[in-house]
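Structure first, then comments.
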2 protein chains.
Amino acid sequence: MQRIPKISESEWEIMKVIWRSSPITAEQIVLQLPADIEWSDQTVRTFINRLLKKNAIGFEKSGRSYHYYPLVSEQECVRAESQSFLKRVFGGAADLMVTNFLEEAHLSDKEIERLQRILTEKQEKQEKKDSRPKA
Amino acid sequence: MQRIPKISESEWEIMKVIWRSSPITAEQIVLQLPADIEWSDQTVRTFINRLLKKNAIGFEKSGRSYHYYPLVSEQECVRAESQSFLKRVFGGAADLMVTNFLEEAHLSDKEIERLQRILTEKQEKQEKKDSRPKA
DNA sequence: CTTATTGAATTACACTTGTAAATGAAAGGC
DNA sequence: GCCTTTCATTTACAAGTGTAATTCAATAAG
């Protein structure tokens, strides 16, 4: 009964398309997959069906073909995957993980500045919260 | 022939123990696994064997039992997993990912400051590089 | 109406993963 | 030297994944 079904690597590709443009037909999904992915129609339909079984997506009949739409939000799924990744690789330590990314990734000056702004905002928000009497 | 074998979730737990203290016997691995993991000895030995097959670890006989040690570094594996995660969930955009984590994770003031320091350092390093004539 | 086409649903099949049990081999106990 | 214990190796087996082919059902073409 867990809220968010486990979505496999291939299924993620399908979900990303559906999140981007739903409702959408199987045919359109095939077309909108990134060019470097070369799956047969059948393969794509298999993934669609598995996502249906997992209740990750739903559909509405529209004459001959189905229009699929997400039943779980990208937000939720990203969060779930991130949690799982974090736990597996960094034992759950978010700051460790961010540190690692900051050090490994080559970020542009712009990006670094943006991140600093976000951090500063977060800091200010927390200070405000701390100065309130705790409920 | 890819450098870093794919390490499953359970196998990661084993690897983390081996990275922490190697060379190490199967028995010790069992003992050093986090307390909330309850695998039978056999299960742990299965994972160890799979890691051997994948060439993620090696061993040296020492009389009755084996002493296992890593053949791939934690660094490498973390990097590989991160890449894979990044690609799957964020389409490869590292800054997006970091942003997301900063916003979702509850970081303490200390952690935020530490991250800011890291960012500042990175920024300074990049400026230095930029002021050099490009090779 | 019969046939060809086009989705969707079912079936397939090998590989991985989680979870062990069974078997084999070596070493220690007596 | 035989029996038990203890590792390691082999085998097991169901669920999930990657990758489709096959079958079924409805629609379009003639």
Side-chain angles (χ1 to χ4, degrees), chain A residues 1-2 4-18 23-34 36-69 77 80-81 84-85 87-89, chain B residues 2 4-18 23-34 36-69 77 80-81 84-85 87-88:
Chain A
M1 198 77 79
Q2 95 277 343
I4 303 299
K6 206 170 152 293
I7 294 172
S8 82
E9 180 145 349
S10 304
E11 288 163 358
W12 263 91
E13 294 297 335
I14 309 287
M15 288 306 288
K16 282 194 277 193
V17 173
I18 296 182
I24 184 174
T25 64
E27 204 195 349
Q28 276 303 308
I29 292 177
V30 172
L31 289 179
Q32 292 198 27
L33 281 169
D36 57 326
I37 291 182
E38 281 165 6
W39 293 330
S40 87
D41 279 28
Q42 291 316 316
T43 299
V44 173
R45 282 157 204 275
T46 299
F47 293 144
I48 292 176
N49 263 313
R50 289 185 182 160
L51 288 168
L52 279 173
K53 284 236 180 74
K54 292 182 182 184
N55 286 312
I57 62 179
F59 66 88
E60 277 175 14
K61 271 187 212 245
S62 163
R64 70 290 179 193
S65 65
Y66 291 2
H67 289 214
Y68 300 96
Y69 56 86
C77 290
E81 273 294 306
S84 150
F85 166 71
K87 182 165 186 306
R88 187 169 10 127
V89 177
Chain B
Q2 94 278 347
I4 303 299
K6 206 170 152 293
I7 294 173
S8 83
E9 180 145 347
S10 304
E11 289 162 0
W12 262 91
E13 294 298 334
I14 310 287
M15 287 307 288
K16 283 195 275 195
V17 173
I18 296 182
I24 184 174
T25 64
E27 205 195 349
Q28 277 302 309
I29 291 177
V30 172
L31 289 179
Q32 293 198 26
L33 281 170
D36 57 326
I37 291 182
E38 280 164 7
W39 292 330
S40 88
D41 279 28
Q42 290 316 318
T43 300
V44 173
R45 281 156 207 276
T46 299
F47 293 144
I48 291 176
N49 262 312
R50 288 185 182 161
L51 288 168
L52 279 173
K53 283 235 180 75
K54 292 181 183 185
N55 287 311
I57 62 178
F59 67 88
E60 277 177 14
K61 269 185 213 241
S62 164
R64 70 291 180 191
S65 65
Y66 291 2
H67 289 216
Y68 300 95
Y69 55 85
C77 290
E81 273 293 307
S84 149
F85 166 70
K87 181 164 187 308
R88 187 170 9 129

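Worth knowing before you read on, the calculation uses all heavy atoms, side chains too, and leaves out hydrogens, waters and symmetry mates. The structure displayed is predicted, hence computed values, not measured ones.
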| Separation of atom CZ in Phe47(A) from atom P in dT17(D), rounded to whole Å | 10 Å

| request: Could you state the atom-to-atom distance from CD1 of Ile7(B) to P of dT17(C) in whole Å? | output: 10 Å

| field | salt bridge (Lys or Arg N to Asp or Glu O under 4.0 Å) partners of Lys54(A), counting only residues at least two apart | value |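 Counting only residues at least two positions away or on another chain, Lys54(A) forms a salt bridge (Lys or Arg N to Asp or Glu O under 4.0 Å) with Glu11(A).
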
| request: Could you say whether Gly63(A) or Ser40(A) is positioned toward the 5' end of DNA chain D, judged by the nucleotide with the nearest heavy atom to each? | output: Ser40(A)

| query | When you match Ser8(A) and Gln42(B) each to their closest nucleotide on DNA chain D, which lands nearer the 5' end? | reply | Gln42(B)

With a 4.0 Å cutoff (strictly under), does any side-chain N or O of [X] reach OP1 or OP2 of [N]?
X	N	value
Trp39(B)	dT19(C)	yes
Lys6(B)	dT17(D)	no
Thr43(B)	dA20(C)	yes

| said: Is it the case that dT10(C) (base atoms only) and Arg50(A) (side chain only) share a donor and an acceptor within less than 3.5 Å, ignoring hydrogens and angles? | reply: no

| field | Candidates dT19(D), dT9(D), dA20(C) - which lies nearest the side chain of Arg45(B) | value | dT9(D)

| task | Give the dot-bracket string for DNA chain C, reading 5' to 3', where a pair is Watson-Crick or G-U wobble with both distances under 3.5 Å, ( ) marks pairs inside the strand, [ ] marks pairs crossing earlier ones, | marks a partner on another strand, and . marks unpaired. | result | ||||||||||||||||||||||||||||||

| So, does Ser84(B) use its side chain to make a donor-acceptor pair with the main chain of Ala80(B) at under 3.5 Å? | no

| task | Scan residues 23-31 of chain A against DNA chain C and write down, sorted by residue number, each residue with any heavy atom closer than 4.0 Å; if none is found, say none. | result | Ala26(A)

